2 protein chains.
Amino acid sequence: MMVSIKDVAEHAGTSFKTVSRVINNDAGVREETRERVQAAIDALGYRPNSAARMMRNQKSGVIGFISDEVVTQPYAGELLLGAQEVASEHDKVLMVVNIEHDRKRQQRAIDMLLERRVEALVYASYYHREIELPQEMLQVPSVLVNCFTTEAVLPTFVPDEVQAGYDATRLLIEQGHTRIGMITLNPQIVAAQKRLEGYRRALDEAGIAFDAELIVRGEPRFDEPAESACVESAVGSLMALDKRPTALVCGKDEFAMQVYFLLARFGLQVGRDLAVTSFDNQRLIAPGLTPGLTTMELPHLEMGRAALRCLFNRMDDRSTRLIPFSPIVRESHRLKA
Amino acid sequence: MMVSIKDVAEHAGTSFKTVSRVINNDAGVREETRERVQAAIDALGYRPNSAARMMRNQKSGVIGFISDEVVTQPYAGELLLGAQEVASEHDKVLMVVNIEHDRKRQQRAIDMLLERRVEALVYASYYHREIELPQEMLQVPSVLVNCFTTEAVLPTFVPDEVQAGYDATRLLIEQGHTRIGMITLNPQIVAAQKRLEGYRRALDEAGIAFDAELIVRGEPRFDEPAESACVESAVGSLMALDKRPTALVCGKDEFAMQVYFLLARFGLQVGRDLAVTSFDNQRLIAPGLTPGLTTMELPHLEMGRAALRCLFNRMDDRSTRLIPFSPIVRESHRLKA
DNA sequence: CTGAAAGCGCTTACAG
DNA sequence: CTGAAAGCGCTTACAG
């Protein structure tokens, strides 16, 4: 049995209402009384029961954070961190549930959150993709992070893939390259499509003709068998071209890492013979490569923050906000003699 | 105003007590009545208020998960996942709070959890280390994961570093190597010390003399300036030895990645001239290297699970459980002609 | 400045 | 099989 407001009152020799006043810092308690109550609180180790408060106040102080694997994805957890930061500024806590693709467990998780009377809901995906919206999300203020629905019904925060593709390409164009290859992600995912769009835009703008031969795939489609040699053959086909590229945009840092290795087979080196940019800024990889990898960092932290701010500002429009990547400029985009 | 049990009762034409029986699946409700109530529940979209239940039942159904950055560390988030899995089997949910090194915010977080009447507490660190125990943890059943206190006061789950060091070394000894180097982590952290201990044990057992020259440091101590060239000079000093090592245990996969590159400077290749094992099994790195990196996977998922199981089994002894790493055997530990 | 009453939405224990 | 009462630990609104 936990100690309650009544126990404190008895110990302090006041009514329990006075204790309530003290713990809520209400005005109108004599200093001497306040001290006496505080002493009783300390002596008994009293802590207000938030369930009781919640019931009277009709609000829970919790925001539900629904994620598909966000926490286990390297650095995607920063989404959570950014959200947590803003939530706690507003004295709210996050209740995080991980939903797998199991429909039943997803339903259970959402029911649980709603029964706990979450004041708002965040749906965060570990990679930028379209989702099927759990309809219950419309019952409370909600936002989408790193994911979206076909029809925009909620405020949506996604990374600005097109701009990132543009920037990653532009960095190479500015170094004078005109023959720029690209190793793309699975073409079925949004990031692959939009970054390619940015790449083309940068080329267009610079008056460089698009050459489809320079676009190769670094990973299989969902419907293809996973094969580990995908980047290998991608690089192979670029190197087999009559006119090899002098620069390369990699779909993710893991591709870039492999490119560093694979180039050696052709007697080439990143940073000497081939300029490289990439996406993600995986801290495990990008700074440890030589030369350091120039790469576009996904704005996880900022998306998490922006989404929660939106929730608190009650901007419940249905617009999609594009959050910019941060270019992390190291050396790989620049060739040294 | 949310719909309550009374609204449902009115809609169904019963007392609210009967509604309570239906939502709790209590025996002794006529089928016809149950259906009528269920229809009212569906029609009104009623959801039981967990705060009210909590108050009557005197338990919250939540377990507090205190972490220092667990979610943002690649794959350490699996700690959380394992914990979540077991918790939900027992119909409990996790409330995750991230505590930074700010004393005040830590206190706030713990207070919040206790006010929410968490039934138990988990403290999880993102790397294996000693912590200062928040004294409040002794007020509820608690466990430590991936961290420990000087004096054992709580059940503690940590990775079996010595065994991992032993296994990583043993894999190389079994390939016939007798000159085995080691690139260690910061010697001030537990993992570095214990893995070295395992390394020495494996050598001893095989009758190989320990040679201090073969032990080099891949990262700076806490009190030294961070320098990026640490692995580089470590490899350099090994290669400068009269009798170079033929095999190498790397303190983490990031070191291994750099070793693959650095060796090229000496005209050497991992898997041909040098056998390599490592620790972590970072999925971003280990499978993408050529040859694939043989590495000891940290048992994050299993630690999370084991800790929660312990909580539910009320095994509140103070013993320390060592959770084994999983050897992920690829090709790098084996030399090919 | 302090207190007694009512009620938040449920469940437990007891009647009928 | 169904219901009326009491109470979980607080806060709100009103008296004194």
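Computed from a predicted structure; not experimentally measured. Just so we're on the same page: letters track the sequence lines, and every chain starts at 1.
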(message) What is the distance, to the nearest angstrom, from the CZ atom on B/Arg47 to the P atom on C/dC10?
(response) 13 Å
(message) Contact between A/Arg116 and B/Met54 at the side-chain level, heavy atoms closer than 4.5 Å - yes or no?
(response) yes
Could you list the protein-to-nucleotides 3-5 of chain D atom pairs, N/O on both sides, closer than 3.5 Å?
unit_1	atom_1	unit_2	atom_2	d
D/dG3	OP2	B/Ser15	N	3.1
D/dG3	OP2	B/Ser15	OG	3.0
D/dG3	OP2	B/Thr18	OG1	2.8
D/dG3	N7	B/Arg21	NH1	3.2
D/dG3	O6	B/Arg21	NH2	2.4

(message) I'd like to know if B/Glu115 pairs up with B/Arg108 as an ion pair, taking the criterion as any Lys NZ or Arg NE/NH1/NH2 lying under 4.0 Å from an Asp or Glu carboxylate oxygen.
(response) no
(request) Start with the C-alpha distance between B/Leu113 and B/Val62, add both sets of side-chain angles, then the distance that settles side-chain contact (heavy atoms from CB on, under 4.5 Å), and finish with yes or no. (result) CA-CA 9 Å; B/Leu113 290 173; B/Val62 359; 5.6 Å; no
(request) Sequence neighbours left out, what passes ring pair (Phe, Tyr, Trp, His ring centres under 6.0 Å) with A/His128? Give chain and number order. (result) A/Phe148
(request) Take the protein atom CG of A/Asn24 and the nucleotide atom C1' of C/dT2, then report the distance between them rounded to whole Å. (result) 16 Å
(message) In the structure I gave you, are the side-chain heavy atoms of B/Phe222 and B/Ile189 within less than 4.5 Å of one another anywhere?
(response) yes
(request) Side chain of A/Ser4 only, please: which of C/dG9, D/dG9, C/dT2 is the nearest? (result) D/dG9
(request) For B/Arg117 and for B/Thr33, find the nucleotide of DNA chain D with the closest heavy atom, then tell me which residue's nucleotide is more 5'. (result) B/Thr33
(request) Please report, rounded to the nearest Å, how far the P atom of D/dC8 is from the CG atom of A/Asp7. (result) 10 Å
(request) Please check the phosphate of C/dT12 (OP1 and OP2 only) for any side-chain N or O of B/Gln58 closer than 4.0 Å. (result) no
(message) Using whole Å, what does the distance between atom C1' of nucleotide C/dC10 and atom CE of B/Met54 come to?
(response) 12 Å
(request) Measure from the side chain of A/Asn49, starting at C-beta and using heavy atoms only, and say which of D/dG9, C/dC10, D/dT11 lies closest. (result) D/dG9
(message) Rounding to an integer number of Å, can you tell me how far A/Glu35 CD sits from C/dC1 C1'?
(response) 16 Å
(message) From the set D/dT2, D/dT11, D/dC8, return the single nucleotide nearest to any side-chain atom of A/Arg56.
(response) D/dT11
(message) Tell me whether B/Arg129 is salt-bridged to B/Glu69, with the criterion being a basic N under 4.0 Å from an acidic carboxylate O.
(response) no
(message) In whole Å, I'd like the distance from the CG atom of B/Asp26 to the P atom of C/dT11.
(response) 8 Å
(request) Taking only the side-chain heavy atoms of B/Arg30 (C-beta and beyond), determine which of C/dT11, C/dC8, D/dT2 contains the nearest atom. (result) D/dT2
(request) Check the distance between C/dC10's C1' and B/Ile41's CD1 and give it to me in whole angstrom. (result) 13 Å
(request) Without swapping roles, check the side chain of A/Thr149 against the backbone of A/Leu133 for a donor-acceptor pair under 3.5 Å. (result) no
(message) Only Watson-Crick and G-U wobble pairs, only distances under 3.5 Å, only runs of 3 or more: what stems does that leave for DNA chain D?
(response) C:1-3 with D:14-16, C:5-12 with D:5-12, C:14-16 with D:1-3
(message) Taking the basic N atoms (NZ, or NE/NH1/NH2) and the acidic carboxylate oxygens, is any pair closer than 4.0 Å for A/Glu85 and A/Arg309?
(response) no
(message) Less than 4.5 Å apart, side chain to side chain, heavy atoms only: is that true for A/Arg283 and A/Glu297?
(response) yes
(request) Look at the side chain of B/Asn57 and decide which nucleotide, out of C/dC8, D/dG9, C/dT12, has an atom nearest to it. (result) C/dT12
(request) Provide, to the nearest angstrom, the distance between the CE atom belonging to B/Met55 and the C1' atom belonging to C/dT12. (result) 14 Å
(message) Looking at B/Lys6 and B/Glu10, is there a salt bridge between them, counting it only when a charged N and a carboxylate O are closer than 4.0 Å?
(response) no
